[in-house]
**Q** 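Structure below; questions to follow.
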Amino acid sequence: LIPTITAFAASPDRGRALARDMPVRWALEEVGAPHDIRRLSFAQLKEDAHRHLQPFGQIPTYECGAVSMFESGAIVLHIALDQPGLLPQAPAARARALSWMFAAVSTVEPVVLQRENTLFMERDKAWFSERLPMVDEQVRTRLRDLSASLGAADWLHGEFSAGDLLMVQVLRRLAGSELLAEHPNLLAYVARAEARPAFQRAFAAQL
Ligand code: GTB
């Protein structure tokens with residue numbers, strides 16, 4: 001049984017693999033699972049056929065036999081539970097990896113997205129010049145703590161895990177920003193993850 005995931009027919013990120021089909025593709029490559037891609041236009045995302053799979057009319061989705069999923073973090077967790085390679089076997093280490101997965105999507109990602117939204121949608125607003133330093137500072141606070149926690153380690157907790165995969169995907173959205181460059185260990189962490197053959201295969205496939 002080969003899963004099918006959905007992706008943008010034409011991603012607005014122009015090939016940078018920032019849309020959320022990327023963590024799913026990457027996870028599938030890490031565990032060595034073949035998969036099919038169904039590419040959707042923006043109009044198709046909002047059609048009933050797709051909303052039946054993804055209530056918010058977004059990508060990605062994951063279908064495999066009777067399993068039908070949405071939410072990239074949940075899909076990555078499903079893949080990680082299903083096949084070896086993305087979560088440690090030892091219960092304590094596995095629990096820690098789960099914490100990092102949720103830290104990525106619910107503690108770090110929201111402030112990164114808030115900053116993106118401010119930059120892309122509020123530039124012409126009267127409050128922009130006051131709001132940007134505020135949202136930058138919220139990102140800085142998270143990056144400072146993440147950088148301190150990672151320290152000189154290669155990965156967040158022992159071996160590479162789904163926690164690193166989701167965290168790196170969030171940090172990649174800050175690529176080129178001075179905020180990430182303030183932390184050489186985070187820059188190296190992202191580069192280390194991007195050098196993984198599975199990341200490279202997923203990146204090439206989405207291009
Ligand atoms: N929480 C959901 C998940 O993780 O699965 C969020 C899914 C989501 O935001 N999907 C976006 C989508 O389908 C694509 S990834 N949007 C269409 C819509 O809502 O109508 C977000 C995204 C979009 C574009 C870029 N980019 O151009 O760089 C990066 C990320």
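Just so you know, these numbers come straight off a predicted model, no measurement behind them. Remember, it's 1-based here, ligands and their atoms both numbered in the order they're listed. Numbering starts at 1 and runs along the sequence shown.
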**Q** Of the protein's non-hydrogen atoms, which lies at the shortest distance from atom 10 (N) of ligand 1, and what is that distance?
**A**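 The closest one turns out to be Ile59 O, 2.8 Å.
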
**Q** Remaining members of Phe70's ILVMFWY cluster at a side-chain heavy-atom cut-off under 4.5 Å?
**A** Phe56

**Q** Does Glu137 come within less than 4.0 Å of Arg144, counting only side-chain N to carboxylate O?
**A** yes

**Q** Polar-atom distance check: Gln58 versus ligand 1, any N or O pair below 3.5 Å?
**A** yes

**Q** Of all the non-hydrogen atoms in the protein, which one sits nearest to atom 17 (C) of ligand 1, and at what distance?
**A** Leu45 CD1, 3.9 Å

**Q** Check the orientation of His78 and Tyr62. Use parallel for under 30°, tilted for 30 to 60°, and perpendicular for over 60°.
**A**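 Ring orientation, 0 to 90° scale: perpendicular.
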
**Q** For the 3.5 Å polar cut-off, considering only N or O atoms, please tell me whether Arg20 and ligand 1 meet it.
**A**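 Yes, since at least one N or O of Arg20 sits under 3.5 Å from an N or O of ligand 1.
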
**Q** For atom 24 (C) of ligand 1, what is the closest protein heavy atom, and at what distance to 0.1 Å?
**A** Pro12 CG, 4.0 Å

**Q** Partners of Thr118 by side chain to side chain donor-acceptor pair (under 3.5 Å), sequence neighbours excluded?
**A**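 Counting only residues at least two positions away or on another chain, Thr118 forms a side chain to side chain donor-acceptor pair (under 3.5 Å) with Arg131.
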
**Q** Report, in ascending order of atom number, the atoms of ligand 1 lying under 4.0 Å from any heavy atom of Lys46.
**A** 18 (C), 19 (O), 20 (O)

**Q** Work out whether the distance between some heavy atom of Ser11 and some atom of ligand 1 is less than 4.0 Å.
**A**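 Ser11: no contact with ligand 1 (<4.0 Å).
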
**Q** Would Asp164 and Tyr189 count as having a side-chain donor-acceptor pair, cut-off 3.5 Å?
**A**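 Distance-only check passes for Asp164 and Tyr189.
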
**Q** Looking at Pro60 and Val24, what are the two nearest heavy atoms and their distance?
**A** CG-CG2, 4.0 Å

**Q** Which atoms of ligand 1 sit under 4.0 Å from any heavy atom of Pro60?
**A**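 The atoms of ligand 1 under 4.0 Å from a heavy atom of Pro60 are 5 (O).
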
**Q** Does any N or O atom in Phe42 lie less than 3.5 angstrom from one in ligand 1, N or O only?
**A**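 Checking ligand 1 against Phe42, no N or O pair falls under 3.5 Å apart.
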
**Q** Tell me the protein heavy atom at minimum distance from atom 22 (C) of ligand 1, and give that distance in Å.
**A**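 So the nearest neighbour among protein heavy atoms is Arg173 NH2, 4.0 Å.
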
**Q** Examine the proximity of ligand 1 to Arg14 and report which part, side chain or backbone, both or neither, has a heavy atom under 4.0 Å away.
**A**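 Arg14 to ligand 1: no contact under 4.0 Å from either part.
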
**Q** Salt-bridge test for Arg196 and Glu30: reply yes if a basic N is under 4.0 Å from a carboxylate O, no otherwise.
**A** yes

**Q** Which one holds for Phe8 and ligand 1: side chain close, backbone close, both close, or neither close, with close meaning a heavy atom under 4.0 Å?
**A**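 Phe8 to ligand 1: side-chain contact only, backbone stays beyond 4.0 Å.
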
**Q** Ion pair present between Glu63 and Arg38, side-chain N to carboxylate O less than 4.0 angstrom?
**A** yes

**Q** What protein heavy atom sits nearest atom 5 (O) of ligand 1, and how far off is it?
**A** Ser72 N, 2.8 Å

**Q** Students should be able to answer this: which protein heavy-atom is nearest to atom 1 (N) of ligand 1, and at what distance?
**A**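 Result: Glu71 OE1, 2.7 Å.
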
**Q** Is the NZ or CZ atom of Arg172 positioned over Trp26's six-membered ring, under 6.0 angstrom from the centre and within 45° of the axis?
**A** no

**Q** Please answer whether the main-chain N or O of Trp127 pairs with a side-chain N or O of Glu130 as donor and acceptor at a distance below 3.5 Å.
**A** no

**Q** Provide, to 0.1 Å, the distance between atom 25 (C) of ligand 1 and the closest protein heavy atom, together with that atom's residue and name.
**A** Asp13 CB, 4.4 Å

